[in-house]
Amino acid sequence: MPELPEVELLRRQLERILPGRVIADFECRKPKLCRLRGIEAAGPGELVSRMRDLLVGRRVESVDRRGKFLLWGLTGGLVLAVHLKLAGQIVVVGPDGRELARGGHWAPRPGVPLPHRATHITFRLDDGSVVYLTDIRQFARLTLMPAGEVGPFLREFGLGPDGLREPVDAERLEQVFRRRPKAPIKAVLLDQAVVAGLGNIYADEVLFATGIHPLRPAAGLTRPEVEALAAAIPEILSRAVAEGAGPVVGDRAARDNGLPEVHGREGEPCRRCGTPIRRLRVGGRSTYFCPTCQPLSP
DNA sequence: CATTATGTTCTGGA
DNA sequence: TTCCAGAACATAAT
């Protein structure tokens with residue numbers, strides 16, 4: 001998905017729109033995107049209608065975030081957890097047809113009329129505005145559950161501390177790293193148990209900022225390197241939020257001066273030393289780094 | 001046609 | 001048994 005910064009930016013938009021609104025209708029054309037948790041199981045054929053019955057008439061009270069999950073607090077003690085995964089997108093259109101919010105990944109691009117053919121879920125609100133969830137790859141997930149289930153639900157994903165709201169503890173990082181003797185640090189940073197919210201782009205950014213080669217075994221990092229990582233993670237994530245995050249948004253000038261500094265810049269000169277940025281594959285993901293600033297041996 | 005894509009989970013082999 | 005790389009998920013853009 002969208003990584004933490006983009007989810008946070010979307011959360012801030014939704015927080016100005018959704019709270020106070022009542023869900024007037026809910027439609028879903030792809031039942032597999034929907035889940036119920038801690039609520040009496042319905043047959044697969046009844047899942048969407050059950051979910052609709054539970055959602056319609058409820059007021060949104062809050063829009064929270066944990067890692068890459070958006071958490072909509074609803075009246076009656078229910079919470080809707082939304083995960084956009086790789087390609088999910090939320091667009092809110094006001095009663096007058098004007099766009100009020102947009103966040104998530106690519107298709108459909110701005111200007112493409114909604115609902116798009118990949119718009120699988122639609123919420124109609126009591127003031128006439130509409131929330132569209134579009135996902136060209138159908139990986140996004142909506143889970144409706146009682147508020148008491150949120151803790152266990154997130155625990156099942158092994159979510160670690162949120163990369164933005166809690167300081168990252170170097171001590172704990174070191175412990176987690178020691179349990180992965182051979183895994184490259186880049187792969188370990190993608191594990192949401194380490195820091196919830198880091199994804200492929202910002203894992204690269206954090207390693208560049210700290211001068212650590214992505215293939216270094218996590219367990220082999222020195223204490224000062226782990227401390228540098230712990231400091232860099234919240235710093236980079238909050239900077240990304242401040243800059244408006246994401247290579248998809250942002251104009252050319254922002255891209256030249258702001259984040260991302262290495263990700264997606266193969267062949268471009270490193271901003272610090274001028275060496276061409278290189279790309280390799282780690283854990284199946286494209287990984288960008290500066291071979292000079294991020295040496296393989298410390 | 002081949003490659004790539006901001007995420008997560010499962011499988012199978014070492 | 002633990003750990004890790006790769007495949008799978010489903011589709012579009014380049």
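In what follows, every chain begins at residue 1, and chains take the letters A, B, ... in the order their sequences are listed.
Neither OP1 nor OP2 of C/dA8 sits under 4.0 Å from any side-chain N or O of A/Arg137. Remark: A/Ser286 is in phosphate contact with B/dA5, judged by side-chain N or O atoms under 4.0 Å from OP1 or OP2. Taking 4.0 angstrom as the limit, A/Lys85 places none of its side-chain polar atoms (N or O) nearer than this to OP1 or OP2 of C/dA10. Checking the phosphate oxygens (OP1, OP2) of C/dC9, no side-chain nitrogen or oxygen of A/Gln138 falls inside 4.0 Å.
Proximity note for A/Glu3 (side chain, C-beta onward) versus B/dA5, C/dC4, B/dT6: the nearest is B/dT6. Side-chain proximity of A/Ile136 to C/dT11, B/dT8, B/dT6: nearest is C/dT11. For A/Arg279, the side-chain atoms get nearest to B/dT4 when compared with the rest of B/dT4, C/dC4, B/dT6.
Between A/Arg179 and A/Lys30, the one whose closest nucleotide on DNA chain C sits nearer the 5' end is A/Arg179.
Across the strands present, C/dA10 finds no partner; the criterion is a Watson-Crick or G-U wobble pair with both atom distances under 3.5 angstrom.
Side-chain atoms of A/Arg58 come within 3.5 Å of backbone N or O of A/Thr75 as a donor-acceptor pair.
Distance, A/Asp135 CG to B/dT8 C1': 13 Å, rounded to whole Å. The distance between atom CZ of A/Phe177 and atom P of C/dC3, rounded to the nearest whole Å, is 16 Å. Computed from coordinates, the A/Lys186 NZ to B/dT6 C1' distance equals 11 Å when rounded to whole Å. Rounded to an integer number of Å, the gap from NE2 of A/His120 to C1' of C/dA10 is 9 Å. Distance A/Gln192 CD to B/dT6 P: 14 Å, rounded to the nearest Å. One can place NZ of A/Lys32 at 15 Å from P of B/dT9, the figure rounded to the nearest angstrom. Whole-Å rounding puts the A/His105 NE2 to C/dA13 C1' distance at 11 Å. One interatomic measurement links the two molecules: NE2 of A/His83 to P of C/dC9, which rounds to 20 Å at whole-angstrom precision.
Among A/Phe208, A/Tyr288, A/Tyr202, the one residue that satisfies the side chain to side chain contact (heavy atoms under 4.5 Å, CB included) test with A/His263 is A/Tyr288.
C/dC9 has its base stacked against the ring of A/Phe139, the centroids being under 5.5 angstrom apart at an interplanar angle below 30°.
For A/Arg272, the CZ atom sits in a packed shell: over 12 heavy atoms of surrounding residues, nucleotides or ligands are nearer than 6.0 Å.
Residue A/Arg285 is classed as a base contact, given a heavy-atom separation below 4.0 Å to a base. Among the heavy atoms of the strands lying under 4.0 Å from A/Pro184 are primed sugar atoms or P, OP1, OP2 only; no base atom is included. Residue contacts for A/Gly199: at a heavy-atom cut-off of 4.0 Å it reaches the sugar-phosphate backbone alone, with no base atom in range.
Using a 4.0 Å cut-off between charged side-chain N and carboxylate O, A/Lys68 and A/Glu8 make no salt bridge. With salt bridges taken as basic N to acidic carboxylate O contacts below 4.0 Å, one links A/Arg239 and A/Glu261. Contact check on A/Arg180 versus A/Asp191 returns a salt bridge, with a Lys/Arg side-chain nitrogen under 4.0 Å from an Asp/Glu carboxylate oxygen.
Taking atom P on both nucleotides, C/dC4 is separated from B/dT6 by 22 Å, rounded to a whole Å. Taking atom P in both C/dA10 and B/dT11, one finds a spacing of 15 Å when rounded to whole Å.
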